[in-house]
Amino acid sequence: MRNLEQLDVEHPRSLEEAVELLAAGGQAVAGGTDLVVGVRTARQTPNRLVYVGQIRELKQIVHDSQGARIGAAVSHAELFESTVADRLPILRQALSTIGGPAIRAMGTLGGNAANASPAADGLIPLYLLDTQVDIFGPDGERSVPIQSFIRGPGSPDLHPGELIRSFTVRFPRENPLSYFRKVGRRRALVIAIASLGSLVWVDGDRIRAARLALGSVAPTVLRPARVEEALVGCDLNAPALADIARQLGDETCPIDDVRASADYRRRVAGSLLLDMAEHLQ
């Protein structure tokens with residue numbers, strides 16, 4: 001077990017200073033909820049940490065009538081209480097399931113995205129909202145879709161010296177129904193065996209459009225486009241979606257691990273779609 005107190009920690013006051021320190025070999029940290037575990041278990045071995053949680057640009061939430069830009073170092077708790085979350089119920093639903101109060105007070109969406117875990121609850125709404133990840137680095141700024149930014153487990157699209165500046169989301173039109181649930185092996189502080197988030201637009205009892213995002217059933221958060229298309233025109237009730245639920249399980253590509261088998265995760269994915277139908281009726 002490595003001693004965290006032995007690590008050098010830099011405290012830059014600007015994005016430009018942070019980028020210089022990162023380019024020199026530092027590792028960015030804000031809440032540090034994943035990093036602490038990684039260092040103590042020797043999964044991560046940074047030589048120097050660059051604390052970016054006090055940089056003003058990374059702590060801001062800016063919004064207008066169309067959408068919002070959420071700073072990468074805004075904590076889950078701060079975001080949960082924000083007026084932006086009032087416009088994004090799916091975001092508030094997902095944030096409420098992350099860890100306990102202490103984790104939510106420290107953890108950030110920036111950390112979720114940089115860690116690039118397929119089980120990260122905070123990533124589900126970002127996929128559903130077609131979020132752009134805003135990146136700042138030695139060559140200036142660039143933005144990429146969240147689906148492109150996360151290339152695989154623990155593999156974000158960050159070049160040397162770059163850090164996540166913010167997340168840009170657009171508010172969905174016409175107030176879709178929102179759903180989020182995860183299944184785990186215990187009642188509290190759950191790491192998802194499988195999770196499903198959705199935005200569903202309905203005309204009466206019939207689905208007009210749907211977006212789905214699943215966690216822990218593929219190398220990255222999964223947007224099953226063929227299942228989304230199959231849902232259009234269906235009645236929003238569990239019996240009507242039984243065949244599509246089986247299709248959803250087949251669309252996943254999970255692994256066996258200590259928390260669950262791949263086959264169980266496939267079955268849970270389909271069951272979550274039926275649960276969604278029951279809750280949104």
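Worth knowing before you read on, the calculation uses all heavy atoms, side chains too, and leaves out hydrogens, waters and symmetry mates. FYI, the numbering just counts along the sequence from 1.
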Is there a side-chain contact between L91 and V169, using heavy atoms and a 4.5 Å cut-off? no
Answer yes or no: are there more than 12 heavy-atom neighbours, outside D205 itself, under 6.0 Å from its atom CG? no
Starting at CG of L95, measure out to OG1 of T97 and round the result to the nearest 0.5 Å. 8.0 Å
May I ask you to decide if H63's main-chain N or O and R69's side chain share a donor-acceptor pair within less than 3.5 Å? no
Flag yes if L58 and V84 sit in one hydrophobic cluster, no otherwise; membership is Ile, Leu, Val, Met, Phe, Trp, Tyr, and two members link when side-chain heavy atoms are under 4.5 Å apart. no
Between the side chain of R48 and the main-chain N/O of G25, is any donor-acceptor distance below 3.5 Å? no
Begin with the C-alpha distance, continue with both residues' side-chain angles, and end with the deciding distance and a verdict on side chain to side chain contact (heavy atoms under 4.5 Å, CB included) for L109 and V74. CA-CA 7 Å; L109 288 183; V74 174; over 6 Å; no
Do T168 and S143 come within less than 4.5 Å of each other through their side chains, counting heavy atoms only? no
Run the side chain to side chain contact (heavy atoms under 4.5 Å, CB included) check on L212 and L273 step by step: do they pass? CA-CA 9 Å; L212 306 177; L273 186 68; 4.2 Å; yes
Before giving the answer on side chain to side chain contact (heavy atoms under 4.5 Å, CB included), spell out for K182 and I124 the whole-Å C-alpha distance, their side-chain angles and the decisive distance to 0.1 Å. CA-CA 11 Å; K182 63 179 177 179; I124 297 286; over 6 Å; no
Paired with E228, the salt bridge (Lys or Arg N to Asp or Glu O under 4.0 Å) test is passed by just one of R223, R208, R211, namely R223
Keeping the roles fixed (side chain from D235, backbone from N237), state whether a donor-acceptor pair exists under 3.5 Å. no
When you look at R170 and D130, which way does the side chain to side chain contact (heavy atoms under 4.5 Å, CB included) test go after all the steps? CA-CA 8 Å; R170 296 185 67 82; D130 293 328; over 6 Å; no
Could you tell me whether the side chain of Y127 reaches within less than 4.5 Å of the side chain of I150, counting heavy atoms only? yes
Determine, for D121 against R104, whether the closest basic-nitrogen to carboxylate-oxygen distance falls under 4.0 angstrom. no
Looking at every heavy atom in both A30 and V52, which two are closest together, and how far apart are they? CB-CG2, 4.2 Å
Check whether I135 and L22 end up in the same hydrophobic cluster, where Ile, Leu, Val, Met, Phe, Trp and Tyr are linked by side-chain heavy atoms less than 4.5 Å apart. no
Identify whether V217 and V227 are in the same connected component of the hydrophobic contact network (ILVMFWY, side-chain heavy atoms under 4.5 Å). yes
How about S195 and R181: do any of their side-chain heavy atoms sit closer than 4.5 Å? no
Any heavy-atom pair between the side chains of P118 and T220 that's under 4.5 Å? no
So, for L79 and S82, which heavy atoms are closest and what is the spacing to 0.1 Å? O-OG, 2.7 Å
Any side-chain heavy atom of D257 sitting closer than 4.5 Å to one from R265? yes
So with a 6.0 Å cut-off around CZ of R151, is the heavy-atom count from everything else above 12? yes
Which atoms form the tightest heavy-atom contact between A269 and L248, and what is the distance? O-CD2, 3.5 Å
Is the count of non-hydrogen atoms from other residues, nucleotides or ligands lying under 6.0 Å from Y264 atom OH greater than 12? no
Between S216 and A119, which heavy-atom pair has the shortest distance, and what is it? OG-CB, 3.1 Å
In the structure I gave you, are the side-chain heavy atoms of E16 and F136 within less than 4.5 Å of one another anywhere? yes
Is the shortest heavy-atom distance from the side chain of N112 to the side chain of H76 under 4.5 Å? yes
Hey, any chance F167 and V144 share a hydrophobic cluster, counting ILVMFWY side chains that come within less than 4.5 Å of each other, even indirectly? yes
Taking only Lys NZ, Arg NE, NH1 and NH2, and the carboxylate oxygens of Asp or Glu, determine whether D250 and R226 approach each other closer than 4.0 Å. no
Under 4.0 Å between a side-chain nitrogen and a carboxylate oxygen: does that hold for R92 and D86? yes
Hey, any chance V50 and M106 share a hydrophobic cluster, counting ILVMFWY side chains that come within less than 4.5 Å of each other, even indirectly? no
For a quick test of reading the model, state the closest non-hydrogen atom pair linking A85 to F80 and the distance between them. CB-O, 3.6 Å
S166 versus D134, closest heavy-atom pair with distance: OG-OD2, 2.7 Å
